[in-house]
> 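Quick one: this structure, given as structure tokens, is what I'll be asking you about.
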Protein chains: 2
Amino acid sequence: MEKQRKRAPSQRSLQTREKILDAAERVFAERGFDGASIRDIAAAAGVQAGLVHHHGGSKEALFARTVARRAETLSQLRLDALENRRAAGPLTARDLLDCFMGPYIHMAGSGGPQWLAYARLVAHVSADPRWRDLAADWFDPTARRFIAELAALSPGADPRRVAAGFVYAVAAMLAHLTSGWRVGALGLAEGGAEAGDLLDFCVAGIEATLAPAAM
Amino acid sequence: MEKQRKRAPSQRSLQTREKILDAAERVFAERGFDGASIRDIAAAAGVQAGLVHHHGGSKEALFARTVARRAETLSQLRLDALENRRAAGPLTARDLLDCFMGPYIHMAGSGGPQWLAYARLVAHVSADPRWRDLAADWFDPTARRFIAELAALSPGADPRRVAAGFVYAVAAMLAHLTSGWRVGALGLAEGGAEAGDLLDFCVAGIEATLAPAAM
DNA sequence: GCTTATTTTGGTCGATCGTTCAAAATAAGT
DNA sequence: ACTTATTTTGAACGATCGACCAAAATAAGC
């Protein structure tokens, strides 16, 4: 049984893979998993439908790949921000939330339209129990880390309260990133809400959950 | 052109309508609009597929009907709670948020499993720009009312900041109601987070947005 | 009880879905 | 340049989708 020799993927292939992932990100973000068709994604990428399967595997695998791609980058940005901030001195709740939310907000604002699509994609993932394991694999480790850091700020805090507060903060962040389609409806500014408002809201909320439990 | 005489719908028909709406609520909540099929809904309701169209119209109309049914009840509960609380004395931010969230939390907890399904359904609506108009029609009027009440508490507050904070609070509430499938993953209690934690978080966050803008 | 409108059934329609595949085109290795 | 593996095309496959309809069953009005 001779080993079949593998060959490194061509550069053209790598470009196509990214084109397909970008297209999948946009289409999945707009219409969700079931609303998006392989043919829609292929058309958005400018390739044939069969090619999507060749590069992305099944539709579920493609979806998982799309979620995973930026999740890795995002986690690294968050953890790096945390280390840098820690080196600068003692951490506050605002520091921690800024390290967690800052990279996402920044990339969504100036990292190109793909990052904004990714935020909408994550909103779909969060709304569908079907992707529980996917979300747990890619988001929970970093979330757990930040929850632990937050809980460590207040020795008397109830860890479950802090975890709940963190979930609320993440939900608010996703709402902030995806509220573009609500613009104007509720008196929000044209370009959506300000990132500072989000941070103020979440810091105050988290600090409330950090307070020692009342008797 | 003789007017064709209408006939009142039979009671059996009304029961079937509700069975179908309940089934649609469950299936739409679990799999979203595109993931749910008319046949799935019909099977869950124990009727034939054609009957779903007869009672609910097109799939989109059925979805809209499903969203609208409890939205009406919910708005009324919220506005009633607001009037009752107002009669008891001057309102605080906590009062207002409790009037808005309380009915939902209460119905989700003890109003039967259908109300919990409805919360997941609303999460899908919030994640999909396709239902912008639907959400605006059924949720915005009441939301606007509560935003105005909140803003009135603090004359120096920026209305847009308050609106943003309210959107964050709603997102946190939906996360609270639908976080059952995250239970345990992040250290949350088995039965999900406590409603009190949600209210504490949101009150603190909203009060932060009510503070007069710094110079 | 007879008539009429409504409710329900069971099946079918064309369209579109995810997936597969053989063949053509392209690029890499020697 | 020749060989070989990979990438891409274009077209199919069966399954399932939303929607529709004629006929049967049921209930309401007289």
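Reminder, nothing fancy here: chain letters follow the sequence lines and each chain counts from 1.
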> Answer with base, sugar-phosphate or nothing: what part of the nucleic acid does Ile38(B) contact at a heavy-atom distance below 4.0 Å?
sugar-phosphate

> Checking ring pair (Phe, Tyr, Trp, His ring centres under 6.0 Å) between Phe28(B) and each of Tyr118(B), Trp131(B), Phe63(B), which is the one that passes?
Phe63(B)

> Roughly, in whole Å, what's the span from NE2 in His53(A) to C1' in dT8(D)?
15 Å

> So, OP1 or OP2 of dT16(D): does either fall under 4.0 Å of a side-chain N or O from Ser37(B)?
no

> As a test of reading the structure: which of dG18(D), dG18(C), dT9(D) is closest to the side chain of Lys59(A), going by heavy atoms?
dG18(C)

> If you compare all heavy atoms of Phe33(A) against all heavy atoms of Glu60(A), which two are closest, and at what distance to 0.1 Å?
CZ-CG, 3.7 Å

> Going by side-chain hydrogen bond (donor to acceptor under 3.5 Å, both in side chains), name the residues that satisfy it together with Arg70(B), two or more places apart in sequence or in a different chain.
Glu25(B)

> Please evaluate residues Tyr168(A) and Tyr168(B) with respect to the criterion ring-ring contact (aromatic ring centres under 6.0 Å, His included), reporting the C-alpha separation (whole Å), side-chain torsions for both, the decisive distance (0.1 Å), and the verdict.
CA-CA 9 Å; Tyr168(A) 302 150; Tyr168(B) 302 150; over 10 Å; no

> For a quick check of understanding: with a heavy-atom distance under 4.0 Å over all strands, which category does His55(A) fall into, base, sugar-phosphate or nothing?
sugar-phosphate

> Which heavy-atom pair separates Ala49(B) from Ile38(B) by the least distance, and what is that distance?
O-CG2, 3.8 Å

> Nearest whole Å is fine: how far is dT7(D) C1' from Lys19(A) NZ?
12 Å

> Nearest-Å distance, CG (Leu51(B)) to C1' (dC20(D))?
14 Å

> Where each residue is assigned the nucleotide of DNA chain D containing its nearest heavy atom, which of Gly50(A) and Arg39(A) is assigned the position nearer the 5′ end?
Gly50(A)

> When the distance from CD1 of Ile41(A) to P of dC17(C) is rounded to whole Å, what number comes out?
11 Å

> What is the nucleic acid contact for Ala36(B), judged by heavy atoms within less than 4.0 Å: base, sugar-phosphate only, or nothing?
sugar-phosphate

> Between Gln48(B) (CD) and dA23(D) (C1'), how many Å, whole number?
14 Å

> Could you tell me the separation between the NE2 atom of His54(B) and the P atom of dA19(D), rounded to a whole number of Å?
16 Å

> Measure from CD on Gln15(B) to P on dT26(D) and round the result to the nearest Å.
16 Å

> Between Phe33(A) (CZ) and dC17(C) (P), how many Å, whole number?
13 Å

